[in-house]
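I have placed the structure first, in the form of C-alpha cells, so that the comments after it can refer back to it.
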2 protein chains.
Amino acid sequence: MDRHQTEKDDEASAQGRPTLKTLAFMTGLGVTTVSRALKDAPEIGAETRRRVQLVAKQIGYRPNRAGVRLRTGKTNVISLVLNTEREIMSFVSDIIYGVSEVIADTPYHLIVTPYSRSQDPLDPIRYLVETGSADGVIISRTQPNDPRARYMLERGIPFATHGRTDMGLIHPYHDFDNYAFATEAVRHLAGLGRRRLALLGPPVELTYHSHTLNGFTDALSEVGASEIPFNTVSIDHSIEQIRMRTAQLMRRDVRPDGFVSSAAAATLAIVAGIEDAGLKLGREVDVVSKQSSDLLHLFRRELLVVNENFRLAGAELARSVLGWIGGAAPGSLQSLSMPTEVLAYRRPD
Amino acid sequence: MDRHQTEKDDEASAQGRPTLKTLAFMTGLGVTTVSRALKDAPEIGAETRRRVQLVAKQIGYRPNRAGVRLRTGKTNVISLVLNTEREIMSFVSDIIYGVSEVIADTPYHLIVTPYSRSQDPLDPIRYLVETGSADGVIISRTQPNDPRARYMLERGIPFATHGRTDMGLIHPYHDFDNYAFATEAVRHLAGLGRRRLALLGPPVELTYHSHTLNGFTDALSEVGASEIPFNTVSIDHSIEQIRMRTAQLMRRDVRPDGFVSSAAAATLAIVAGIEDAGLKLGREVDVVSKQSSDLLHLFRRELLVVNENFRLAGAELARSVLGWIGGAAPGSLQSLSMPTEVLAYRRPD
DNA sequence: GTGACAATCTGTAACGTTTCAGTATATAGA
DNA sequence: TCTATATACTGAAACGTTACAGATTGTCAC
C-alpha cells in the first residue's frame, strides 16, 4: 500500500535542482498530484495541498521555466522594445526600473529587444511574435498609424504602447498629456509677457508630435501670441544641429521670445544656441522644457520645467501588459499622466 | 523504400511554427538527421546537409528555445544585473545598447535583472544561478572583495564585471582607468595654477574608489598640490546633498580651487554649490569631470571633461562573457579603457 | 449487499530538442 | 564469398512540466 513508487522514482533523490519528481518522491505522491497541489487545484485534498506546499517551500522548489514554457507555451517574459539610437537616455533607465518594480514579485522576466536606425521597427516585433518569445510586449515611439500595434493586435499578442495611436483600434497605453504640457507652457510664457513663441517638439512621425503641436497652437490663439516656426529640427536631432538652428533663428529680425521644448537634452542645446546668439535666458527669451530628471534647474536657474515621470510610465505600462495577459479588457488598461504645473525654480525679478 | 515514415509524422504538416519534425517530414529524413544536419555535424552527407539547411531557411525554421533549454540546459540568455537606485542613468542606457550591439547576431537574449537598495546584491545572483536562468552574467558596482564574483566563480558560471576586483581571483572585466583619469585631472588643474584640490569620487565600497583616490593623491604629490578633504559625500549621494556640502566647503577659509568629479550629475551639483557660495567657475575654481555623454560643456563652458564610453563598456563586457561561455580563458578577457586627455571646450583667457 | 457518486489521487503522453545506441548500406580487404 | 569498417542515417529516451483520461477509495441511499 505504501509501495506506489515505480523503480524510476528513486532517481529523484539525486542531487541538483529539485523538480516535481523530487517533490513527488519526498511526499510519496504522484507528480501530477504535486503539480496540481502547487497551483491550488480544487481536486486536491486540503491537507495534501498544505503538505506539498510546505515541502516545496522547505527545499526551495522553483518550477523549471523551460519545462513550463515548452509544455504550455507561456514564456513568463515581457519584452521591452527599444530603438538603440533615438531613445531618450533617462527614458531607457527609468522605464526599465518602472517595469522591474511591477514585475518584481511575479514570475516574469524582462528582456530588452533592441532595434537600430536602419531596421524596420516591425522587425523586432515580428521576431518576438514568430518565435513566441514573450507573453507581452512594450513599445515606445508610438505613431498615429502604428504598424506594430496593428500587427500585434492581429496576432492577439498582449502589448502596451508608450504613447497613443490613432487608428480607431483599442489597446492599452500609457501616455503623458503633451497637449496639456504645451498649453500650460504657452500660458506660462504668455504670463511672462512673451508673445512670439517657438516649439521644439518631437519628430512628426510620433503621435505626440501632433498632441504637442495642437496644444501649442490652441494655446497660442487663446493667449493671442504668435508662432515663430521652428520645425526644421525636432528633439530627435543632434545637440549640435539644434544648437546651430537655434542660434540662426535667434539672429533673425523676428526671433522668438519664448521656447517650448519637449526634451531636456534638446533644451540644453536651445539654451546654448540662444547664448551663441548673444542673448540671455530670462531676459530676451524664456524657455519652458519637459524634463524627466530633476537636473535642468541646475543648468540654468531661469529655465521653466515640467516633469515627466518615466519610471511611473514604465510601471503603468507593465501593469497594463500584465493586466491584458491576465484577461482584462484592453480598453480598461489605458492611462494618461497629467503634467505638473510649470515649475520655476527661481524667477529673476 | 520511400515509406520510412511512421504514422505520426503526418502531423508535422499541421500549421504553426515549423519544428524539426516539420523539417523531417518535408525532407523525408528523421528528426535526428535534421537536427544534426542543421548544426553541421560531421556524419551527415554533404548534400543532405545542404538540402536540410535550404529547406530550413526557406520555411524560416527557428529552433524552439524552450526545447533547447530543457534538453541542454543552455538558456541563450545573458543577464545584466542592475541596482535600481544607484546606477548612473546614462550607464544603464548605454551599457544595454553596447551589449545589444554585440549579441545582436547571436542567439542570445538580454534580460535585465534588477535589485533594489534594500536587497543583498547577492540575491539576484543567487536567483540566476540557482534557477539556471542565464548562461552568463554582467554585474556592475564591483567591489574589491566582491561576494558576487566569488560566488559565481565557485559555481562556475561565466560572468564579467564592470570594474575590477581585488581578491586575487581571475575573471573577465572591463574597466575604465580611473587612476589615469584622476592623475590627468589633477595635472590639468595644476597646469591651470590650481593648488588646493578636492575629489568627489565614487563611494568607498566600490573598487574604483581607491583607483581614483590613488591617482588623485599620487598626482597631488607629483605636482606639489594639496588635498582639501571632501569625503563626506560621494557621487552616490543626492544632488541636493552634494550641492549643499559643496556650498559649505566653498564658504570655508581654506577652500578648494579645483575639483575632480567622477560623474556628470554630481558635477552639476558641485557647480551649483560653487555658485551658491557666490564663486565663479573658471575664476575662483576649476572643475574636471568625467562624463558619459557629451553634454557638460553645454552646461558651463568652463568645465573640463573626460569622456567615459559606457556603450563601449557594454560591448566589451558582452564580448567577455560570450568569450568565456565559448571556452576562452577568463584571464584573456580583461580590458581597460584609457581616458581621453582632458577636454576644455573653451577656456577663458 | 449493491450501485451510484463524489473526493482524491494516478500514469501516460506530449511540448521540441539532443544524445545514445544503434541499423542499413556500400566499400574494401582477405 | 565472407568479414571488417566507414558512411549515412535512424528510433527511443530524456529534460520538467501540464492535460487528459482514468483508477482507487469511501459514503450513502436503497
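We name chains A, B, ... by the order of the sequence lines, and we start the count at 1 in each one.
Summarising the geometry, the separation between CD on A:Glu47 and P on C:dC9 is reported as 9 Å, rounded to the nearest angstrom. Look at CD on A:Glu43: it is 14 Å from C1' on D:dA23, rounded to the nearest Å. Distance CG (A:Leu38) to P (D:dG16): 15 Å, rounded to an integer number of Å. The CG-C1' distance, from B:Leu23 to C:dT17, rounds to 13 Å in whole Å. Between the P atom of C:dG16 and the CZ atom of B:Phe25 lies a distance of 16 Å, rounded to the nearest Å. Taking atom CG of residue B:Leu29 and atom C1' of nucleotide C:dT23, one finds them 16 Å apart after rounding to whole Å.
Remark: B:Thr48 is in phosphate contact with D:dC9, judged by side-chain N or O atoms under 4.0 Å from OP1 or OP2.
B:Tyr151 is linked by a ring pair (Phe, Tyr, Trp, His ring centres under 6.0 Å) to nothing, counting only residues two or more places apart in sequence or in another chain.
Enclosure of atom CZ in B:Arg62 is not indicated, since only 12 or fewer non-hydrogen atoms of other residues, nucleotides or ligands lie within 6.0 angstrom. Under a cut-off of 6.0 angstrom, the local environment of CG in B:Leu54 is crowded, with over 12 non-hydrogen atoms contributed by other residues, nucleotides or ligands.
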With side-chain contact (heavy atoms from CB on, under 4.5 Å) as the criterion, how do A:Glu85 and A:Ser116 come out once you've worked through the C-alpha distance, each side chain's angles and the decisive distance to 0.1 Å? CA-CA 6 Å; A:Glu85 266 109 14; A:Ser116 59; 3.7 Å; yes
Give the C-alpha distance, both sets of side-chain angles, the deciding distance and a yes or no for side-chain contact (heavy atoms from CB on, under 4.5 Å) between B:Leu153 and B:Phe159. CA-CA 8 Å; B:Leu153 225 31; B:Phe159 67 97; 3.8 Å; yes
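The side-chain heavy atoms of A:His109 and B:Val77, taken from C-beta on, include no pair separated by under 4.5 Å.
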Distances for protein N or O near nucleotides 17-20 of chain D N or O, under 3.5 Å:
unit_1 : atom_1 : unit_2  : atom_2 : d
D:dT17 : OP1    : A:Tyr61 : OH     : 2.4
D:dT17 : OP1    : A:Asn64 : N      : 2.9
D:dT17 : OP2    : A:Leu20 : N      : 2.7
D:dT18 : OP1    : A:Lys39 : NZ     : 2.7
D:dT18 : OP2    : A:Ser35 : OG     : 2.7
D:dT18 : OP2    : A:Lys39 : NZ     : 3.2
D:dT18 : O2     : A:Arg71 : NH1    : 2.1
D:dA19 : O4'    : A:Arg71 : NH2    : 3.4
D:dA19 : N6     : A:Thr32 : OG1    : 3.2

